[in-house]
There are 2 protein chains.
Amino acid sequence: MSERRVTIRQVAAEAGVGLGTVSRVLNGAADVSDCTRQKVEATVQRLGYRPSLRARSLRQSRSMAVAAIVPELVNPVLMEFLRGVERTAEERGYVVLIGETHRSAARESRLVERLVDEGIDGVVLGGPLVARDAELLRDHNVPVVPGAEEAGSTAYSAAMERAQAAATRRMVRRLLELGHRSFVLVIGTLPRWAVIEQYRRARTGAIRTELRRAEAKLEVLSVDMSRVFESCREQLGAHMAGPDHATAVISYSHVLAPGVLSALQRCGVHIPADASFVTFGDSDWAMAHQPALTVVRHDLFAEATWLTARLLDHVEGREEDLVPPAVEAELVERESCGPAPGTRVASSTGSSARRGAP
Amino acid sequence: MSERRVTIRQVAAEAGVGLGTVSRVLNGAADVSDCTRQKVEATVQRLGYRPSLRARSLRQSRSMAVAAIVPELVNPVLMEFLRGVERTAEERGYVVLIGETHRSAARESRLVERLVDEGIDGVVLGGPLVARDAELLRDHNVPVVPGAEEAGSTAYSAAMERAQAAATRRMVRRLLELGHRSFVLVIGTLPRWAVIEQYRRARTGAIRTELRRAEAKLEVLSVDMSRVFESCREQLGAHMAGPDHATAVISYSHVLAPGVLSALQRCGVHIPADASFVTFGDSDWAMAHQPALTVVRHDLFAEATWLTARLLDHVEGREEDLVPPAVEAELVERESCGPAPGTRVASSTGSSARRGAP
DNA sequence: CTGTTAGCGCATTCAT
DNA sequence: ATGAATGCGCTAACAG
């Protein structure tokens, strides 16, 4: 129907009022007479006028858009994160630009530059940024959550790490309690600025500490993320064929789990009879797997929701310093963990069995 | 560092050249002397100047941004779609706005209006749109792929439907060949404008046709998407308890599969001994499941890639009418399908065994 | 080759 | 309460 974009001038002309008046009506300014207001609104309707957000953005230097930067979109766990961002942004009238770095510093830089040039209102991070990009953002006064770890770490990321570490420790202890003494941790090879690097440190640190204390063995296997299945097969095949192979297998990431499970099966390792299995990150599939998978679950959706709300508060000037929510990370025990082969376990104290939907 | 945004004027002033010259250098116009070009570039560097994309957008009425509209982000299959869009958009210098309708008409409308106002360059659809929104887009000359089905359907969606139907038929025939005569199709209850509605029609149509021809029984179970696990348990529990329960279970969607599998297991149904299982949509988890799942796979990533490329070609004026690619949909046979209980099967002709990563 | 002018569509001063 | 002017930062069309 409409040939050319209808502008605010046309509305003004058609309604026989001044240009600014239309603007006032649109923005719900208080001081407009009911008479003119209705006249304008009618004209707006009739002409099918829609204000141009880019003109508005240029004028107000606010774009009502935020960006979510994540390493990759394949990871369902990061999807949860993205969902959380999208949800709260949408609720508050913002759109979200998706930024996938593909774990490439070059792409990340291009992306961040583009976002800055776009005049984005803020960015929420699903993973760490290389220093240069973080600086660029800071130099252009683009708010970022979680905030840069100036002098250590922010209250939020500290809480997050603590939660991760705590759940991880519970997981390891439970495994030790079940008699396991030989562990293998399967981890994806990643560039130095890996997925939510803070988590990584928290997790691996907790595992190492607990295991050292119990004088248990830990082998770390790095698999090639670009060929997870094959790589898992090779690495685990070699390891499990060895004389004293692990009886407890920990998958560092939700995306790794299928590869690890598949490899284990091909090695003829039965879960949980021959070995126990646990992974970070939960999903319906982990629940439906047979046996159902024990996981360390972290509610990234909730986290993203909270972070985004915080970002938008900041953007909108309203600096309510919300207390960080209880960042939840929990051990969900299901069937993939059992006593180490040839072990008799007394009781399963301290286990927090959960089965609810993820 | 930078107090205020540095503009093109400052660069011009600092470099001692005209305003337009800087613009020319920035846009790589041919007719600039090397001398001035270098002078300008140096100044740009020194001042850390970054052109404002919103000003540029306003002027050129092109935003270099496209939107991807999907019903939901939870579905990993739609994620694949989103990945495809993001990938090719990024390659060509566009950013992508994510639009999640949450399967709500109201949200969809808000979203589309916002996108139109934003002056988006185009939108790629991961699901159908309500008529009103499609019109709004059309009225504002926003290109959309897949195109509206004017007078039936576009060449593309026709090809897509054909591919879906063909793979679905192969799947059903294979099941019949294995001796199954009683089927159950588990499907999510959705608003009328469901996920990629075209697929749905293609799939269910193909299933019904094949089954009718073979005089086999089909029961359709609708589960509540908001509580998949519980709903599956109830529905399937009731059905499988009946006297002549199905021996072949088809899950309509990838997100449904975990719920269905879990319910089946709780019913004491062993796969594939007691019943065969197949789902639409593949993933690492489907491969790693025990038994590994037979699936009808459709490469949504490839599809999104192609669609987006086509959209951008259109946006950029270059109207190369690419021939639709061979839209792949294939039956991937794995271990979750076997002969119907009490049946002896001759050979497994016509089966296309595949095991590659998804 | 380069400087100047005129808007893109809007919100925001100012006057009235 | 409202109309008129100013400019957000940029590109395009025009002069020189």
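Worth knowing before you read on, the calculation uses all heavy atoms, side chains too, and leaves out hydrogens, waters and symmetry mates. Residue numbers start from 1 in every chain, and the chains themselves are labelled A, B, ... in the order their sequence lines are given, proteins ahead of strands.
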Nearest-angstrom distance from the residue atom NZ of B:Lys39 to P of C:dC1: 15 Å

Phosphate-side-chain proximity, A:Ser33 and D:dT2, N/O vs OP1/OP2 below 4.0 Å: yes

Sugar-phosphate only, base, or nothing, as touched by A:Ser61 at under 4.0 Å among non-hydrogen atoms: nothing

Contact state string [nucleotides 10-16 of chain C, B base, S sugar-phosphate only, - no protein heavy atom under 4.0 Å]: BBB----

B:Val116 vs B:Ile120 side-chain heavy atoms within contact, under 4.5 Å: no

All pairs passing salt bridge (Lys or Arg N to Asp or Glu O under 4.0 Å) where residues 22-34 of chain B contributes a residue, at least two apart: none

Cationic N near anionic O, under 4.0 Å, A:Glu100 to A:Arg107: no

Other residues, nucleotides, ligands: >12 heavy atoms within 6.0 Å of A:Arg46 CZ: yes

Distance in Å, B:Arg54 CZ paired with A:Gln60 CD, rounded so as to fall on 0.5 Å steps: 9.5 Å

Sugar-phosphate only, base, or nothing, as touched by B:Thr36 at under 4.0 Å among non-hydrogen atoms: sugar-phosphate

A:Arg138/A:Asp133 under salt bridge (charged side-chain N to carboxylate O under 4.0 Å, His left out): CA gap, chis, key distance, verdict: CA-CA 9 Å; A:Arg138 192 177 37 248; A:Asp133 293 330; over 6 Å; no

End axis versus end axis in the helix from C:dC1-D:dG16 to C:dT16-D:dA1, the angle rounded to 10°, five pairs used at each terminus: 50°

Protein-nucleotide distance (B:Asp34, atom CG; C:dC1, atom C1'), rounded to Å: 12 Å

Whole-Å gap separating P (D:dT11) and CE (B:Met64): 13 Å

Test log, rule side-chain contact (heavy atoms from CB on, under 4.5 Å), inputs A:Val95 and B:Arg114: CA-CA 8 Å; A:Val95 292; B:Arg114 169 73 197 257; 3.6 Å; yes

Check against side-chain contact (heavy atoms from CB on, under 4.5 Å), A:Glu86 and A:Arg83: CA-CA 5 Å; A:Glu86 205 280 337; A:Arg83 271 186 59 221; 5.7 Å; no

Rounded distance in Å - CZ (B:Arg54) to P (C:dC8): 20 Å

